[in-house]
There are 2 protein chains.
Amino acid sequence: MTPATQVDQADWDHPATIYTVAERAGVSHQTVSRYLKGESLRPRNRERVEQAMKALNYRVNAEARALATKKSHRIGAFVFDIDDWAPQRVLAGAAEAAREAGYILDILRVDPTDAPSVDDAVSLMNRTTLAGAVVISPSDTVLKQLRLERLKVPYAVEAEPVLTDGDDRALQHPFAQVVSHLADLGHERFFHVGGPRTWLTARNRLAAYREVIARRGLRSCGETAGEWGAAAGYEAMSSYPLDQAPTAIVTASDQCALGVLFWLQEHGIRVPDDVSVSGYDGIVDAAYYWPPLTTVAVDFALMGRNTVRSLLVSSGLGEAGREMPLGRLIARASTGRPGSGISEV
Amino acid sequence: MTPATQVDQADWDHPATIYTVAERAGVSHQTVSRYLKGESLRPRNRERVEQAMKALNYRVNAEARALATKKSHRIGAFVFDIDDWAPQRVLAGAAEAAREAGYILDILRVDPTDAPSVDDAVSLMNRTTLAGAVVISPSDTVLKQLRLERLKVPYAVEAEPVLTDGDDRALQHPFAQVVSHLADLGHERFFHVGGPRTWLTARNRLAAYREVIARRGLRSCGETAGEWGAAAGYEAMSSYPLDQAPTAIVTASDQCALGVLFWLQEHGIRVPDDVSVSGYDGIVDAAYYWPPLTTVAVDFALMGRNTVRSLLVSSGLGEAGREMPLGRLIARASTGRPGSGISEV
DNA sequence: GGTACCGGTGTTACCGCTAACGTATGCGGG
DNA sequence: CCCGCATACGTTAGCGGTAACACCGGTACC
């Protein structure tokens with residue numbers, strides 16, 4: 001019978017604790033605790049503790065620590081529209097940033113149309129001890145419903161600065177790029193298929209649209225508002241009077257643009273010969289829409305990262321360093337020189 | 001100065017504990033603990049405890065319980081391709097099932113191409129005490145990388161039964177539906193644009209394809225393998241010799257089908273007049289592809305539910321009851337009676 | 001009527017960690 | 001030489017639950 005090595009023993013029976021580590025290192029458990037907290041130790045002891053930890057394969061017990069400190073290494077994330085592309089990417093980025101910082105993201109999916117479920121979610125957050133909370137891609141409505149001030153933990157909301165009409169910064173918004181791109185091609189009559197006005201992101205895109213229109217002396221033939229998906233794009237086209245024959249349709253999302261393309265196809269309107277269409281978001285599939293969709297690729301994951309980071313910073317943990325997400329225009333075949341435009345159909 | 005109500009007091013200062021509840025109810029803390037565990041109490045005491053809990057807004061402290069029992073009510077979820085549609089839905093289902101069973105799902109997103117991050121994730125899982133772990137939509141490659149045997153907790157992998165050629169159950173696979181649908185329309189020459197062979201799901205779809213082909217005496221003009229996205233579908237079409245003029249192209253995913261449609265469009269091949277195309281998954285956008293895509297809507301969420309359930313069952317917790325996920329054929333304009341097929345292009 | 005049994009209850013200890021305080025040691029200054 | 005002070009370390013007491021055991025009154029049994 002060969003004796004088990006010390007590692008295996010501690011590993012399987014019961015995982016090593018600071019007490020077993022302390023015993024092996026010949027110090028008190030508190031010294032081990034201090035090592036964990038990064039406080040200063042006498043070099044000799046530090047070395048011994050390190051060796052003991054390695055030998056016993058020590059892992060800190062997150063629950064015990066959480067119980068003692070009343071702090072956890074978990075971040076709650078309020079998520080709403082998990083089906084849409086952008087929020088998903090934001091979430092992915094947030095999850096990644098959290099993991100890098102040694103936190104786990106507890107995802108709490110909430111149906112914004114179901115008021116009691118929103119309340120449940122908030123109280124659930126309060127119940128379990130969390131390091132903080134992040135709110136991913138919220139519309140104003142859910143933000144209002146959440147009443148975040150109820151949260152007893154620090155929180156961060158993923159949000160861009162609010163742009164209003166006439167705000168210079170609107171020209172810096174990535175959405176302005178695609179409008180300018182169309183203007184550069186010679187378009188003068190635009191139509192905006194927008195997202196839900198309850199979303200700041202949709203309003204900002206609209207603001208950027210208006211700003212470019214105004215600054216460059218162009219004409220807007222209309223602005224619609226709807227959901228983010230393809231159905232909304234289709235809906236917008238079929239219900240809006242296009243009597244001013246716009247030559248460029250700028251949509252607030254790629255999926256929305258898909259619905260627009262579908263409607264145009266259905267009505268025998270050629271893209272980009274008759275009318276140009278642009279999307280926004282930069283989803284991968286957009287390259288395979290017919291025709292391939294001009295869009296602006298946005299680094300949504302970075303926005304998620306930033307939200308988590310700013311939460312950690314505001315809690316005094318983690319270092320700052322917020323990179324601004326930039327959009328990158330991807331010009332494809334769905335935009336070209338102005339055509340005849342759409343009139344009556 | 002109005003005195004705060006008892007609720008607010010306990011709520012804000014420090015949350016109620018079983019001790020404060022016990023004191024208020026006039027029993028010992030252990031009686032409260034027994035109430036929590038669902039053991040029997042004298043009716044009078046039960047009532048008192050319940051009242052005290054409500055009055056103090058008591059919530060159990062998950063950390064403390066976990067520390068005492070060495071069990072947690074959290075399930076870790078390894079997630080890889082959060083970008084794709086199917087895994088996303090699976091995850092949502094898993095989260096829901098977990099919540100219903102009183103667990104929360106800790107989502108751990110891992111980049112499978114980044115080996116150290118995989119290791120980090122596993123050790124993070126081991127560090128925190130978890131009830132178990134589930135692996136969402138893994139390919140064989142990541143499964144190998146994970147080396148799940150390292151996990152010290154029970155785990156379940158989301159997986160369908162392995163289908164091999166000649167397996168009767170292959171005909172039950174939802175993918176068989178779409179192939180049969182095309183056969184019913186009169187198609188005899190098929191082409192399969194498949195997913196990555198490292199994925200069981202892709203292999204099973206292939207097996208179902210082959211089985212229908214074999215049983216109904218049809219002909220397969222080719223089988224390709226690639227990623228799940230549109231690019232792979234395009235790639236498959238452009239690189240494979242289609243000298244046998246298939247009249248039906250059955251793809252392993254909707255996104256993949258998008259790439260196929262694009263290629264066909266590019267080459268002036270009409271759908272479904274010349275060739276029929278089908279997808280799989282049932283993503284929402286598919287209704288707005290051109291032409292609208294025939295597909296099979298799969299209840300991926302249910303698969304996630306099943307995975308979590310089977311984890312709980314294998315841990316002796318929770319009851320069995322695994323419903324088989326069914327697919328629902330959605331016939332749209334991309335499939336029709338056989339056309340001339342594709343030959344040389 | 002004593003005894004065994006049993007459900008309901010209280011007491012004490014413990015899970016693995018941190019907080020708070022006490023104590024030993026070393027160093028500079030009066 | 002003593003004092004003050006800082007630093008390293010040990011001791012004790014909790015965090016909020018559960019586990020294990022002791023206990024107590026009542027019922028069933030011989």
Side-chain angles (χ1 to χ4, degrees), chain A residues 10-11 13-50 52-53 56-74 102 126-131 152 317, chain B residues 10-11 13-50 52-53 56-74 102 126-131 152 317:
Chain A
D11 211 9
D13 283 10
H14 12 247
T17 69
I18 56 170
Y19 291 95
T20 59
V21 170
E23 190 182 2
R24 193 171 216 269
V27 297
S28 81
H29 73 275
Q30 190 54 243
T31 301
V32 179
S33 173
R34 288 194 181 100
Y35 174 84
L36 293 177
K37 284 187 286 182
E39 294 182 7
S40 64
L41 265 66
R42 201 158 42 185
R44 199 182 63 102
N45 281 346
R46 162 173 300 272
E47 198 176 327
R48 286 180 153 200
V49 169
E50 275 169 356
M53 281 191 174
L56 297 171
N57 191 25
Y58 171 81
R59 307 278 141 183
V60 312
N61 179 320
E63 271 87 14
R65 173 176 280 179
L67 182 58
T69 57
K70 303 193 171 186
K71 282 176 198 159
S72 78
H73 270 68
R74 293 160 51 212
N126 277 334
R127 177 175 330 168
T128 73
T129 64
L130 293 172
K152 296 176 199 146
L317 321 152
Chain B
D11 212 11
D13 283 10
H14 7 248
T17 70
I18 55 170
Y19 292 94
T20 61
V21 171
E23 191 182 2
R24 193 169 215 269
V27 297
S28 80
H29 73 275
Q30 190 54 243
T31 302
V32 178
S33 173
R34 287 193 182 100
Y35 173 85
L36 292 177
K37 283 187 287 183
E39 296 183 6
S40 64
L41 265 64
R42 202 157 41 185
R44 201 182 62 102
N45 280 349
R46 164 173 298 273
E47 199 176 325
R48 286 181 151 198
V49 170
E50 275 170 357
M53 279 189 175
L56 296 170
N57 191 26
Y58 171 80
R59 307 281 140 178
V60 310
N61 179 320
E63 271 89 12
R65 175 177 279 180
L67 180 58
T69 58
K70 303 193 171 184
K71 282 174 198 162
S72 80
H73 273 70
R74 294 161 48 214
N126 276 333
R127 180 174 328 166
T128 75
T129 65
L130 292 173
K152 296 178 197 145
L317 322 151

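The sequence lines fix the lettering, A, B, ..., with proteins before strands; numbering per chain opens at 1. The analysis underlying the following values was restricted to heavy atoms, covering all of them including side chains, and did not include hydrogens, waters or symmetry mates.
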| How many angstroms lie between CZ in A:Arg46 and CD in A:Glu39, if you round to the nearest 0.5 Å? | 10.5 Å
| Within-4.5 Å side-chain heavy-atom neighbours: B:Ser33 and B:Gln30 | yes
| Rounded to the nearest Å, what distance is computed from the CZ atom of residue B:Arg42 to the P atom of nucleotide C:dG10? | 8 Å
| Validation row: A:Leu36, A:Met53 side chains within 4.5 angstrom (heavy atoms) | yes
| To the nearest 0.5 Å, how far apart are CZ in B:Arg48 and OG1 in B:Thr31? | 11.5 Å
| task | With the side chain counted from C-beta on, respond yes when B:Asn61 and B:Thr17 share a heavy-atom pair under 4.5 Å apart, and no when they do not. | result | no
| query | Whole Å only: how far is the CD atom of B:Glu23 from the C1' atom of C:dT9? | reply | 18 Å
| note | Of the candidates C:dA20, C:dG16, D:dT18, the side chain of B:Lys70 sits closest to C:dG16
| message | At 4.0 Å (heavy atoms only), tell me whether B:Tyr58 reaches a base, stays on the sugar-phosphate, or touches nothing. | response | sugar-phosphate
| task | By nearest nucleotide on DNA chain C, pick out whichever of B:Asn45 and B:Thr69 is the more 5' one. | result | B:Asn45
| Within the pair B:Lys71 and D:dT18, is there a side-chain N or O less than 4.0 Å away from OP1 or OP2? | no
| query | Once you round it to whole Å, what is the distance between P of C:dG10 and CZ of B:Arg48? | reply | 10 Å
| said: How would you summarise protein contacts on nucleotides 21-26 of chain C per nucleotide, using B for base, S for sugar-phosphate only and - for none, with heavy-atom distances below 4.0 Å? | reply: B-----
| Do you know which two heavy atoms are closest between A:Glu63 and B:Ala66, and how far apart they sit? | CG-CB, 3.4 Å
| field | Pairwise 5' ranking along DNA chain D for A:Arg46 and A:Tyr19, keeping only the more 5' one | value | A:Arg46
| message | Measuring to OP1 and OP2 of D:dT18, would you say a side-chain N or O of B:Ser33 lies under 4.0 angstrom away? | response | yes
| Tell me: CD of A:Gln30 to C1' of C:dA20, nearest whole Å? | 9 Å
Are any protein N/O atoms closer than 3.5 Å to N/O atoms in nucleotides 24-26 of chain D? If there are, list each pair with its distance.
none

| query | Taking the side chain of A:Thr17 as its heavy atoms from C-beta onward, which of D:dT18, C:dC17, D:dG10 lies nearest to it? | reply | C:dC17
| request: Under 4.0 Å between any heavy atoms, over every strand shown, what does A:Ser28 touch: base, sugar-phosphate, or nothing? Just pick one. | output: base
| query | Do you know which two heavy atoms are closest between B:Val27 and B:Val49, and how far apart they sit? | reply | CG2-CG2, 4.1 Å
| task | Consider the side chain of B:His29, meaning its heavy atoms from C-beta on, and name the nucleotide among C:dT18, D:dA19, C:dA19 that approaches it most closely. | result | D:dA19
| query | How many Å lie between CG on B:Asn61 and C1' on D:dG14, as a whole number? | reply | 14 Å
| note | Separation of D:dC9 atom P from A:Tyr35 atom OH, nearest Å, is 13 Å
| How many angstroms lie between OG1 in A:Thr20 and OH in A:Tyr58, if you round to the nearest 0.5 Å? | 8.0 Å
| said: As a test of reading the structure: which of C:dT18, D:dG16, D:dC9 is closest to the side chain of A:Thr31, going by heavy atoms? | reply: D:dC9
| So do B:Val32 and B:Tyr19 actually touch side chain to side chain, heavy atoms under 4.5 Å? | no
| request: Work out which heavy atom in A:Arg24 is nearest to a heavy atom in A:Ala52; give both atom names and the distance. | output: CB-CB, 4.0 Å
| said: Rounding to an integer number of Å, can you tell me how far B:Leu67 CG sits from C:dT18 C1'? | reply: 12 Å
| message | Checking contacts here: which listed nucleotide (C:dT9, C:dC17, D:dG16) is nearest the side-chain heavy atoms of A:Val60? | response | C:dC17
| field | Distance, rounded to the nearest Å, where A:Lys37 contributes NZ and C:dC17 contributes C1' | value | 10 Å
